[in-house]
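The block underneath contains the structure these notes are about, expressed in structure tokens.
Reminder, nothing fancy here: chain letters follow the sequence lines and each chain counts from 1. Values below: every heavy atom of this structure, side chains too, minus hydrogens, waters and symmetry copies.
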Amino acid sequence: MTYTTAIFYFFAAILVFAGLRVITARNPVHAALFLVLAFFTAAGLWMLLEAEFLAITLVLVYVGAVMVLFLFVVMMLDINLDKLREGFWDYLPLAGFVSVLLMIEMALILGSRHFGLEVMATPEPHPADYSNTKELGRLLYTDYVYAFELAAVILLVAIVAAIALTLRRRKDSKYINPAEQVKVKRNDRLRIVKMQATQKPGAGEEGA
Amino acid sequence: MGSMGMDWAAIQTVVWTLLKIMALVVPLMLGVAYLTYAERKIIGWMQVRIGPNRVGFQGLLQPIADGLKLLMKEIIIPSGANKGLFILGPILAIAPALAAWAVIPFTDSLVVANINAGLLYVMAITSMGVYGVIIAGWASNSKYAFLGAMRSAAQIVSYEIAMGFALVGVLMASQSLNLIDIVQGQSGGLHQWYIWPLFPLFIVYLISGVAETNRAPFDVAEGESEIVAGFHVEYSGMAFAVFFLAEYANMILIAALTTVMFLGGWLSPVSFLPDGIVWWLLKAGFVLFLFLWFRATFPRYRYDQIMRLGWKVFIPITIVWIVVVGGMMQTPYGHLFH
């Protein structure tokens with residue numbers, strides 16, 4: 001067993017364990033943290049495949065941003081897991097059907113003689129100065145530019161839609177306008193009155 | 001025999017790498033210790049105070065005394081805390097702060113790991129630092145700690161976007177993700193540094209760096225006057241010290257990255273002086289001084305103002321400047337942006 005094979009099995013074992021804990025952990029925050037571990041380990045596996053751009057992007061986007069927001073939400077919710085698990089047996093047939101379908105799909109790919117090692121040989125390892133990022137960028141912006149831009153437009157629409165769906169402006173809440181705050185001059189807020197510190201002699205003597 | 005030779009070579013590589021890591025982490029930890037001293041002294045002078053001057057000559061042993069004190073103290077784990085995650089929090093805070101240093105070049109040969117996707121690696125690793133804060137805040141089972149964690153999560157995710165876009169500008173100018181190549185792209189003197197063509201991005205990066213490290217005036221995650229000490233209110237002893245170390249290691253990291261990406265790293269500003277690590281240290285030291293200066297000067301931002309600054313000011317500025325850089329590169333003046 002070579003060094004990389006050993007690393008692969010090590011990472012794969014952690015990945016399977018973390019994946020299992022995501023669905024078995026009783027505490028939703030623990031489950032989310034195991035999902036973080038699963039993403040990180042998967043990134044390690046991709047790194048072994050010399051896909052360093054995808055691996056690092058997985059960490060950057062999913063671990064660094066998506067899962068942070070996910071944790072943010074999970075931590076704020078008061079989730080009663082026992083209530084969540086009540087419908088377990090009702091959903092089991094549907095879930096079982098979906099998992100069997102997934103298994104069949106995987107078997108088609110992994111077990112088929114059309115995709116075996118005899119048909120698709122292991123690619124040669126690239127030299128050290130080979131930049132996966134550059135190659136990916138070149139392909140995305142030349143050969144697949146239309147598909148890429150279509151995906152970008154769809155994402156943009158999704159962003160706009162998500163904001164439009166959740167943007168509710170309450171009438172009764174008070175807002176601050178920073179531009180107006182910055183524009184304020186001294187004379188708008190402050191009035192200097194010139195007056196004498198003491199009263200004129202002769203006036204107000206009856207008060208003393 | 002052949003396999004014996006292989007094993008020997010492998011052991012040598014591992015030992016050599018460990019030695020390199022030690023040679024990096026020990027000076028870094030000393031740097032952290034004396035950064036706290038510098039901070040207290042400089043802010044003291046700025047506020048017309050003396051600062052620490054009792055332990056050792058001019059108070060020079062103060063950070064050592066502080067470290068020893070924290071080492072001796074008991075680590076109290078609150079009874080309602082989630083014990084495992086409570087301990088994991090500080091570990092997850094310091095690990096990325098140190099791991100990111102692996103790719104930072106000090107000179108063109110002095111670097112632990114010279115990898116071709118160095119910039120991406122730094123961005124990915126630093127984006128994981130927030131987990132320490134979030135987990136610590138949640139596992140403490142305390143309202144103040146939790147509020148701190150929530151603030152920190154939203155703040156760091158927001159400023160990471162602006163920071164990432166600022167780095168895209170550097171990437172466009174240098175056309176490389178390798179940090180050594182990025183520095184070498186700035187060779188030729190002061191006027192070749194990326195700070196000039198990418199000036200708006202430099203400013204955004206610097207301020208986002210202050211926000212990312214939860215430093216004043218963006219320290220709402222701690223916010224002593226609002227939420228006591230934020231995410232680390234329940235921590236004591238060495239567990240607290242680890243958060244402290246992580247914050248300062250992150251500060252030095254941001255200063256190092258600013259130096260490498262905008263200020264020409266180890267390159268000399270003028271052609272008649274030789275390049276060297278001295279320049280690197282001077283530039284990073286200057287950026288660190290800015291961090292301290294900010295803290296002594298600005299009052300804490302209000303939380304909604306922080307969000308507004310990040311999303312409505314910095315992100316638009318970076319996007320506009322990326323378009324400007326991309327557009328200018330197509331004109332005859334493109335060489336100014338390389």
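Taking a cutoff of 4.0 Å between a charged side-chain nitrogen and a carboxylate oxygen, A/Glu135 and A/Arg138 qualify as a salt bridge.
Of the listed residues A/Leu69, A/Thr57, A/Leu58, A/Val59, the one with more heavy-atom pairs under 4.5 angstrom with chain B than any other is A/Val59. Among B/Leu85, B/Asn178, B/Ile156, B/Thr126, the residue with the largest count of heavy-atom pairs under 4.5 Å with chain A is B/Leu85. Among A/Ile56, A/Val61, A/Asn132, the residue making the largest number of heavy-atom pairs under 4.5 Å with chain B is A/Ile56. Chosen from B/Gly137, B/Ala153, B/Ser127, B/Gly129, the residue pairing most often with chain A at heavy-atom distances under 4.5 Å is B/Ser127.
Looking at A/Leu33, only its side chain comes within 4.5 Å of chain B, counting heavy atoms on both sides. Of the two parts of B/Leu177, only the side chain, counted from C-beta on, holds a non-hydrogen atom closer than 4.5 Å to a non-hydrogen atom of chain A. For a residue to count as touching a neighbouring chain, one of its non-hydrogen atoms must lie under 4.5 Å from one of that chain's; by this rule A/Leu71 touches chain B with the side chain only. Proximity to chain A is absent for every atom of B/Ala149, based on heavy atoms less than 4.5 angstrom apart. Within the 4.5 angstrom heavy-atom criterion, only side-chain atoms of A/Val36, from C-beta onward, approach chain B.
Residue-environment remark: CZ (A/Phe34) exceeds the threshold of 12 foreign heavy atoms within 6.0 Å. In this structure, B/Phe86 places its CZ atom where more than 12 heavy-atom neighbours from other residues, nucleotides or ligands lie under 6.0 Å away.
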### Task
Under the ring-ring contact (aromatic ring centres under 6.0 Å, His included) rule, what do B/Phe146 and B/Phe231 come out as? Steps first, then yes or no, please.
CA-CA 6 Å; B/Phe146 189 62; B/Phe231 63 94; over 10 Å; no
#### Entry: Evaluation steps, side-chain contact (heavy atoms from CB on, under 4.5 Å), between B/Met128 and A/Val63
CA-CA 7 Å; B/Met128 292 189 42; A/Val63 177; 3.9 Å; yes
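Here the rule is side-chain contact (heavy atoms from CB on, under 4.5 Å) with B/Val15, and of B/Leu18, B/Thr17, B/Thr13, B/Ile11 only B/Ile11 fits it.
The shortest distance between side-chain heavy atoms of B/Tyr159 and B/Val210 does not fall below 4.5 Å.
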